[in-house]
There are 4 protein chains.
Amino acid sequence: MKRNKPKYKQIIDAAVIVIAENGYHQAQVSKIAKQAGVADGTIYLYFKNKEDILISMFREKMGLFIEKTEEVIAGKSSSSEKLLVMIENHFSILCDDHHLATVTQLELRQSNKEIRLKINDVLKKYLKLVDMILYEGIDRGEFDPSLDVRLTRQMIFGTIDEIVTTWVMNDHKYELAALAKPIHQIILRGCQAHQ
Amino acid sequence: MKRNKPKYKQIIDAAVIVIAENGYHQAQVSKIAKQAGVADGTIYLYFKNKEDILISMFREKMGLFIEKTEEVIAGKSSSSEKLLVMIENHFSILCDDHHLATVTQLELRQSNKEIRLKINDVLKKYLKLVDMILYEGIDRGEFDPSLDVRLTRQMIFGTIDEIVTTWVMNDHKYELAALAKPIHQIILRGCQAHQ
Amino acid sequence: MKRNKPKYKQIIDAAVIVIAENGYHQAQVSKIAKQAGVADGTIYLYFKNKEDILISMFREKMGLFIEKTEEVIAGKSSSSEKLLVMIENHFSILCDDHHLATVTQLELRQSNKEIRLKINDVLKKYLKLVDMILYEGIDRGEFDPSLDVRLTRQMIFGTIDEIVTTWVMNDHKYELAALAKPIHQIILRGCQAHQ
Amino acid sequence: MKRNKPKYKQIIDAAVIVIAENGYHQAQVSKIAKQAGVADGTIYLYFKNKEDILISMFREKMGLFIEKTEEVIAGKSSSSEKLLVMIENHFSILCDDHHLATVTQLELRQSNKEIRLKINDVLKKYLKLVDMILYEGIDRGEFDPSLDVRLTRQMIFGTIDEIVTTWVMNDHKYELAALAKPIHQIILRGCQAHQ
DNA sequence: CATGAATGAGTATTCATTCAT
DNA sequence: CATGAATGAATACTCATTCAT
């Protein structure tokens, strides 16, 4: 299994750095190889092609997202709190790794439709976590039972994504983590039953 | 003024079609020229370069968005209704022009950072309309006075954008317009004062 | 006869200015037309094509050279003096018209082989004047009777041309006219009989 | 060091041939690559761009000129003889390589100002050799002590260059080497003290 | 005579991928 | 396993010239 070999991760980490620092269209395979400290040809011993590096990179990083999210929501009982810690976790990971934030919010979106569709597949696992929180919230009576879960999840993800993208576009110049609570407030209102 | 000459609009409309049908990176200038029924060189009598075609295209189309939105919100008195017709208008325009939807949601995002920044400038005018509705709603007592307008606007735009992108990625296979009312409900809850 | 119409000379003078100021490869027909104050298409009522402008320009200006040279050498009796006034005249015309100097010494030489051969044809009339002075000098006993007139003429023209080109390349920053006498001295030695 | 690799020289030699046979403006990179027996992209492993091929070509060939000239003048003691062997060497190299002659005298002069300035830099080393011969000749009492070395060098180089250019323009149809002695005679007279 | 909008052929350079060593 | 030299397809833009008005 190539994924466990050290050079596999080495190349993926190099790709994040190179894309963040040079932009998607200036992230040539040769630059990634140089950053990873291997020869160009070596890349192709671990990845099928350039596209495969990008998909793999997203899969690995998104895996961390999902793992961490599962951890933090496991510690909370109310759905409202689960939403909050999920948002906090989302913001926290991207705050801690500005390179990753730039890559996922700006650079990777410049890839072509084919790659973006595959990236979306990977994303689905994360979105299912949101769905689960929503279903549970409805069951628990915390959220409006008439909620359209698919639409609400799109609202939640669209909002978080837009907030993060704007933060990245503004060069991370304000404190993203501070927005978790107010965002959670706004989102929560959209989920709760209306009197 | 070149913008009023027929070939100007002819070329922009050709660009929308060619990009939608071939993808951003396969939309060569020669293809656009052919689709527009002019010679390659003629493009450059109306546009500085390829980038200029894209920016101009976005500016023209977004102009229609803003114009139409101003029209429909002018006919409504309550802020809640204004939000609704704005969303309906947004969905309606993209439903009526699948090519345009594909181009704005998927293809144009593959452009380089420079182009995307210029596109963002154009977008800001549209976002200001949302801000205006929100401020007015707070004044009218319809919306929560403690609302963070900037965050709320990001929630609204992020939600709409995510909904539309998902619809485009699913090949427009369901009725986007039908989502306007439920989305409006969800968004509205986020804006209204909580008891 | 088009050559006597005002726009003919107007276009040629415009060409000298545009080429001098923009360089040969940046002297587009449209620039020349603009400088001449006529429409692009008008150029083609007076010249067959762009090449024809250049050849005609060289022919007109070289005509002035020859005319003036004939005037000044007519006023001198000794061949040595004739050589001197010819050189002085050559330098004087180019000193008085820096644009022309730049065009003939640097820019026009960037034209292709075909144009340069045609320019050489025009130049031949001027070179024949040099030959005439040399033959006369031999007849008069001023110059070495064993002189190879063709080679000597090439020496004279090559020297003058190199001197002027170097002066233009140094941005006309020293007094070209002051070099006429010393150059004449050097050239003269090459022509006179050796003891 | 790329300059010592075989493909470096291979490409330069291909460039001389392609430019000589097709003319400067018809010497596409792909033609040069084909002539050199390499892929288009390979060119760019050895040269920064097309301009770099031309400058390098001139530098390499002019290097041979200077090297050979230094060799032949080292074998002579009198300055007069040094001038002669320098001229003979100059003519001999170009006689032996008609392609090179065409390229240096006609085609390379069509390049833009930037390239020509860089070529001139390379040329300066050759011109310094002429200066050295002249200074030595004055010291040895062979040449007129009142000689203006700069002007004289321009006379010598201008003469040689004009002779060669005329020979190339006449399709090398006469024996250039045969002109070395008479030219040397003419030049020599210009250098020697006059009685 | 004069105009100027329209034409369309032509080319340097990049970079993902391969394969002989 | 690892290398890195070599490959070659693919594309925006310019500008001399024309011709309908």
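Order of the sequence lines sets the chain letters (A, B, ...), proteins ahead of strands, with each chain counted from 1.
Look at C:Asp121 and C:Lys118 and you find no salt bridge, because none of the NZ, NE, NH1 or NH2 atoms lies under 4.0 Å from a carboxylate O.
Each of D:Asp40 and C:Ala39 lies near DNA chain E, and the nucleotide nearest C:Ala39 is the one positioned closer to the 5' end. Where B:Glu51 and D:Gly41 meet DNA chain F, the nucleotide closest to each residue was compared, and D:Gly41 sits on the side nearer the 5' end. Nearest-nucleotide positions on DNA chain E place C:Gly37 closer to the 5' end than the other of D:His25 and C:Gly37.
Residues C:Ala15 and C:Ile53 come closest through the heavy atom pair CB-CG2, 3.9 Å.
Using a 4.0 Å heavy-atom distance criterion, B:Val29 is classed as a sugar-phosphate-only contact.
Look at B:Lys31 and you won't find any side-chain N or O under 4.0 angstrom from OP1 or OP2 of F:dT11. Dashed line: the shortest gap from a side-chain N or O of C:Thr42 to OP1 or OP2 of E:dT3 is under 4.0 Å. The side chain of B:Gln26 places no N or O atom within less than 4.0 Å of a non-bridging phosphate oxygen (OP1 or OP2) of F:dA10. Dashed line: the shortest gap from a side-chain N or O of D:Tyr46 to OP1 or OP2 of F:dA6 is under 4.0 Å.
Atom P of nucleotide F:dC15 and atom CD1 of C:Ile32 are separated by 12 Å, given to the nearest angstrom. Between the CD1 atom of D:Ile43 and the C1' atom of F:dT7 there is a distance of 13 Å, rounded to whole Å. In this structure, B:Ile11 atom CD1 and E:dA5 atom P are separated by 14 Å, rounded to whole Å. What separates OH of A:Tyr24 from P of E:dC15 is a distance of 13 Å, to the nearest Å. In this structure, the OH atom of C:Tyr44 is 18 Å from the P atom of E:dA6, given to the nearest Å. Nucleotide F:dA2 holds its C1' atom 16 Å from the CZ atom of A:Phe47, rounded to whole Å.
As the counterpart of E:dT13, F:dA10 is assigned, both hydrogen-bonding distances of the Watson-Crick or G-U wobble pattern falling under 3.5 Å. In this structure, F:dA16 forms a base pair with E:dT7, meeting either the Watson-Crick or the G-U wobble geometry with both donor-acceptor distances under 3.5 Å.
The shortest distance between side-chain heavy atoms of C:Lys61 and C:Asp13 falls below 4.5 Å. The shortest side-chain heavy-atom distance between A:Leu45 and A:Lys7 does not fall under the 4.5 Å cut-off.
Relative to the side chain of C:Asn49, the nucleotides F:dT17, E:dT7, F:dG8 differ in distance, and F:dT17 lies closest. Of the candidate nucleotides F:dG4, F:dT18, F:dA12, F:dA12 has the atom lying nearest to any side-chain atom of B:Gln28. Closest to the side chain of A:Leu45, from the set F:dA9, F:dT3, E:dG4, is F:dT3. Of the candidate nucleotides F:dA2, E:dA6, F:dT17, E:dA6 has the atom lying nearest to any side-chain atom of B:Lys7.
Ring geometry for D:Tyr8 versus D:Phe47: interplanar angle under 30°, hence parallel rather than tilted (30 to 60°).
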